[in-house]
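These notes are about the structure you will find just below.
What you see is a predicted model; the values in this text were computed from it and never measured.
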Amino acid sequence: MPSSPSPVPSPPADRDAAESANGASSLVAVVGLTASGKSDWAMRIARHIDGEIISIDSRQIYRRLDIATAKPTAAMRAEIPHWCIDIADPTDRFTLGEYLKAARTAIEDIQSRGKRAIVVGGSGQHMRALLEGWVIPPVPEDAELRRSLESQSTPFLHEQLQAVDPLAAERIGPTNKRRIIRALEVQQLTARPISEWQAQRVPVSYRACAPDIDLNKLDERIEERTATMFADGFVDEVRTLLEDGMSEDAPGFDSIGYREVLAHVRSETTLEEAQSGVAQATRRLARRQQTWFRRDDPAICWAADVPLEMLG
């Protein structure tokens, strides 16, 4: 991966000003559902506009987690520089704030050399945070406070959040315990609700496109990709990591695919059940991604093929 210079300064808050400063639509975003073909689109766009690719993926950041994360191949990375891949150990928790710092640094470096930055990925929160210019509260995780919050039930924690930050409670929902705890942590340590921090946004200038694929076809591609992952040694990758001392509780394992394979390695499921479970979980992920990347979003050009004409 290209080396990273110092953090990028905050982008202009006004989109028109950003376009004037950086050239019209200097940032291209390839968004959409998992297995829909985003990586191939990004490669075609990079060739067309002399660009470099930034992965917006909360799992491709981890070294040695290669098969289930669908990282770009060595040939793709040799042809076009890719950023934000293999930048953290799977035993470390890599926060959204750390991720945004890395991605903004990459954008600055790419643009400073007169090239175009192409951000691609299906991690909806990470993509939205980057494009909308979220300001992440400068609050490190507090282990003692988190242990106290973890001991409480999720419904109770959501009620607490509703009392101190109803806007955040509505956005997060009542079942996402990890994000509820983070919101309560920020509120307690800064005396300001996390929704107030998140309102301080400095959006960037971008144009977004997404592969428009029929869900039945997408399900077929997910089945094919899952079968390929297992044929390529997915189970062996997990076993090797465990043999090298990586805990099953490591942050890198907290993702679709690895959880199902870990159950198989523990002899709790058959190989066929593990493969079926990975495919099923991936299909559910694709449906959830539709809440981040909506077809009625006027900022996204959904197309059957790469809309190169809109990218300049």
Side-chain angles (χ1 to χ4, degrees), residues 1-2 30-43 53-96 98-100 102-103 106 118-127 129-130 178 211 218 221-242 244 246-265 274-275 277-286 288-289 292-293:
M1 187 194 108
V30 183
V31 303
L33 312 184
T34 188
S36 62
K38 297 185 299 296
S39 295
D40 290 339
W41 274 38
M43 288 293 293
I53 295 170
I54 302 168
S55 169
I56 309 297
D57 190 292
S58 62
R59 288 298 175 261
Q60 290 186 356
I61 59 172
Y62 289 121
R63 305 179 187 98
R64 303 185 68 193
L65 301 188
D66 299 326
I67 294 178
T69 58
K71 290 177 182 174
T73 65
M76 293 167 71
R77 295 167 72 175
E79 179 186 356
I80 302 292
H82 283 66
W83 296 74
C84 296
I85 296 175
D86 294 338
I87 59 175
D89 289 327
T91 53
D92 297 334
R93 189 166 298 282
F94 202 75
T95 67
L96 176 60
E98 292 172 313
Y99 181 84
L100 290 175
I118 301 138
V119 295
V120 56
S123 294
Q125 184 188 42
H126 286 60
M127 181 69 79
L130 179 65
R178 180 180 61 83
L218 183 70
R221 294 184 63 162
I222 289 172
E223 291 286 345
E224 293 169 0
R225 190 169 82 172
T226 303
T228 299
M229 286 161 42
F230 278 80
D232 286 347
F234 187 14
V235 176
D236 289 338
E237 178 180 275
V238 172
R239 284 201 175 107
T240 298
L241 291 166
L242 293 172
D244 289 346
M246 184 166 157
S247 169
E248 291 188 19
D249 296 329
F253 277 155
D254 185 23
S255 57
I256 287 174
Y258 290 97
R259 293 190 293 263
E260 289 76 14
V261 170
L262 284 169
H264 169 64
V265 171
Q275 181 170 324
V278 171
Q280 184 178 28
T282 307
R283 289 194 296 270
R284 288 197 297 265
L285 169 63
R288 291 197 302 272
Q289 286 172 322
W292 289 102
F293 309 116

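Side chains of Q125 and Y99: a donor-acceptor N/O pair is absent below 3.5 angstrom, by distance only.
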Trace of the side-chain contact (heavy atoms from CB on, under 4.5 Å) decision for H264 with R239: CA-CA 10 Å; H264 169 64; R239 284 201 175 107; 4.3 Å; yes

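Checked against side chain to side chain donor-acceptor pair (under 3.5 Å), T226 has no partners two or more places apart in sequence or in another chain.
With E237 contributing its side chain and D66 its backbone, the two residues share a donor-acceptor pair below 3.5 Å. Under a 3.5 Å cut-off, the side chain of E98 and the backbone N or O of T95 do form a donor-acceptor pair. A donor-acceptor pair is defined here as one N or O able to donate and one able to accept, closer than 3.5 Å; no such pair exists between the side chain of D89 and the backbone of D92. The closest donor-acceptor contact from the side chain of E223 to the backbone of A279 lies at 3.5 Å or more, if one exists at all.
The residues R64 and D244 are annotated as salt-bridged, a charged nitrogen and a carboxylate oxygen being separated by less than 4.0 angstrom. The existence of a salt bridge linking D86 and K71 is confirmed by a sub-4.0 Å separation between a basic side-chain nitrogen and an acidic carboxylate oxygen.
Taking the six-membered ring for Trp and the full ring otherwise, the centers of Y62 and F94 sit at least 6.0 Å from each other.
When all heavy atoms of D254 and R59 are compared, the pair lying nearest together is O-NH2, 2.7 Å.
Residues in residues 31-41 take part in these side chain to side chain donor-acceptor pair (under 3.5 Å) pairs, two or more places apart or across chains: T34-R225.
None of T69, I67, V235 except one satisfies the side-chain contact (heavy atoms from CB on, under 4.5 Å) rule with M229; the exception is I67.
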